[in-house]
Amino acid sequence: MLRKCRKAHAFIGVLCFAILMGASGCRERTSNIDNSNHTLVLGFAQLGAESSWRIGNTKSIIEAARDAGIQLMYTEAEQKQENQIKNIRSFIAYQVDIIAFAPIVETGWENVLQEAKEAGIPVILTDRKIEGNEDLYTCYIGSNFITEGEMAGEFLKKKFYYTKDEINIVELVGTLGSSPAEERSKGFRQSISDDEKFRIIESVCGDFMQSKGKEAMGKILKNHDNIDVLYCHNDSMALGAIAAIEEAGLVPGKDIVIISIDGEQEAIDALKAGRINCVIECSPMLGPKIMDTAKRIMNGEQVHKAIYIEDRVFTEWDDLSDLPPRGY
Ligand code: GZL
C-alpha cells in the first residue's frame with residue numbers, strides 16, 4: 001500500500017508540476033465553451049493522499065479529465081486547509097474556467113469562495129461538503145454520509161437482533177470537522193438510538209489514516225476488555241485497527257464485530273476472509289460526473305445543487321464471489 005502511494009504521489013506530483021509550469025501567467029477566459037476550439041480549464045484542489053479511497057478518487061479525476069478533453073490543473077494539499085485555500089487562490093489568479101475541490105473540513109471557506117464568486121468562476125464541491133452559504137458554490141457531487149452511517153446502524157441491528165445483552169461499541173472517527181466524519185457519526189447514532197442495548201463506550205479520531213487507526217485502537221484495547229463492535233468511518237482505519245486487534249490476541253470479525261466504510265479492495269478481501277463483517281461502499285469514482293457537470297455548467301445548463309452517488313452495502317451474509325475488482 002505504501003509503495004503504491006509513493007508511486008501515485010510521484011506521478012501526481014510530476015503531472016501537477018507539468019500542468020502548472022505549462023500554465024504560467026493569466027489567461028483569457030471565455031464566458032462559455034460553445035466555440036469549438038476552446039479547451040475547458042478546470043482547477044482541482046485535492047485535499048491529500050491519506051487513504052486508498054483518496055488515491056482512487058484522484059486517479060478517477062485525472063483520467064476523467066483526460067477522457068473529457070478538459071485541461072486539468074491539479075494540486076494536492078497534504079491534508080492542510082491553508083494549502084487548499086492557497087491552491088484555490090492560484091486557480092483564481094490564473095482565471096481557470098471552473099474550480100472543483102474536496103473541502104477537508106466544513107468551515108473556513110467563505111473568503112476564498114467569495115473571491116472565486118467575484119472572479120466569476122463557478123465552484124463544484126466534490127466528495128465533501130461545507131457549512132454555510134450555499135450561494136458560494138454551484139453544486140455538491142459525492143455520497144450521502146448520513147445514509148452511510150444509517151446503513152452501518154441497520155447492519156448492527158440485524159446482526160444483534162436476538163441479543164438482549166448490552167452491546168459495547170467503539171468508534172474510530174475520521175478527520176474532525178469533516179462532513180464524512182460528522183455525518184457518519186450522526187447517521188449511525190440516529191439509526192441505533194431506538195435500541196438502548198447499543199452503547200458507544202469510546203469514540204476516537206483516527207483521521208481516516210491506517211497508521212492512526214492502528215494507534216487509536218491499540219490504546220482503546222488497553223482501556224476496554226468488553227468491546228463487542230468496532231465502527232470505523234473508513235477502511236484505512238479499519239485495516240489499521242485489525243492489526244491492533246490481532247496484536248492484542250483477539251480475532252477480528254469474531255471477538256469484535258467490525259463495520260467499515262469505503263469499499264476498497266483490501267477491505268472487501270478482509271470481508272471475504274471473515275475479518276470484517278460489513279463494508280459500506282462510498283465510491284471515489286467521481287471523475288466522470290465532475291467533468292460532465294463542469295461542461296454543463298460552462299454551457300449555461302442548470303444543475304442540481306446536490307448530486308448524490310448511490311452506495312451499496314456488502315455484508316458477511318452476501319455472496320461476493322462475482323464482485324468485480326474494486327479499482328481502489
Ligand atoms: C468520503 C471521503 C473520505 C473517505 C476516506 O467521501 O471524504 O475521505 O471515506 C477519505 O477514506 O480519507
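Predicted, not measured: the structure shown is a model, and the values here were computed from it. Atoms within each ligand, like the ligands themselves, are counted from 1 in listed order. Nothing fancy with the numbering, it's 1 onward along the sequence.
When only non-hydrogen protein atoms are considered, atom 1 (C) of ligand 1 lies nearest to Asp127 OD1, 3.2 Å. Given atom 10 (C) of ligand 1, the protein heavy atom at minimum distance is Glu50 OE2, 3.3 Å. Looking only at heavy atoms of the protein, atom 8 (O) of ligand 1 is closest to Arg128 NH2, 2.8 Å. Protein heavy atom at the shortest distance from atom 4 (C) of ligand 1 is Asp262 OD1, 3.4 Å.
In Glu310, the CD atom is not crowded: 12 or fewer heavy atoms of neighbouring residues, nucleotides or ligands sit closer than 6.0 Å. Under a cut-off of 6.0 angstrom, the local environment of CD in Glu301 is crowded, with over 12 non-hydrogen atoms contributed by other residues, nucleotides or ligands.
A donor-acceptor pair is defined here as one N or O able to donate and one able to accept, closer than 3.5 Å; such a pair exists between the side chain of Asp195 and the backbone of Lys197.
Between Phe198 and Phe160, the ring planes lie perpendicular to each other; the angle is over 60°, past the 30° to 60° tilted range. Between His233 and Phe208, the two ring planes are tilted [angle within 30° to 60°].
Here is the list of ligand 1 atoms found below 4.0 Å of a heavy atom in Asn234: 5 (C), 9 (O), 11 (O). Residue Ser51 approaches ligand 1 through these ligand atoms, each under 4.0 Å from one of its heavy atoms: 5 (C), 10 (C), 11 (O), 12 (O). Residue Cys282 has at least one heavy-atom neighbour below 4.0 Å for each of these atoms of ligand 1: 1 (C), 6 (O).
Among Trp109, Phe91, Phe44, the single residue meeting the ring-ring contact (aromatic ring centres under 6.0 Å, His included) criterion with Phe101 is Trp109.
Comment: Glu246 does not engage Lys214 in a salt bridge, judged by the lack of any side-chain N to carboxylate O separation of less than 4.0 angstrom.
Heavy-atom distances between Met237 and ligand 1 stay at or above 4.0 Å for every pair. Ligand 1 has no atom lying under 4.0 Å from any heavy atom of Ser143.
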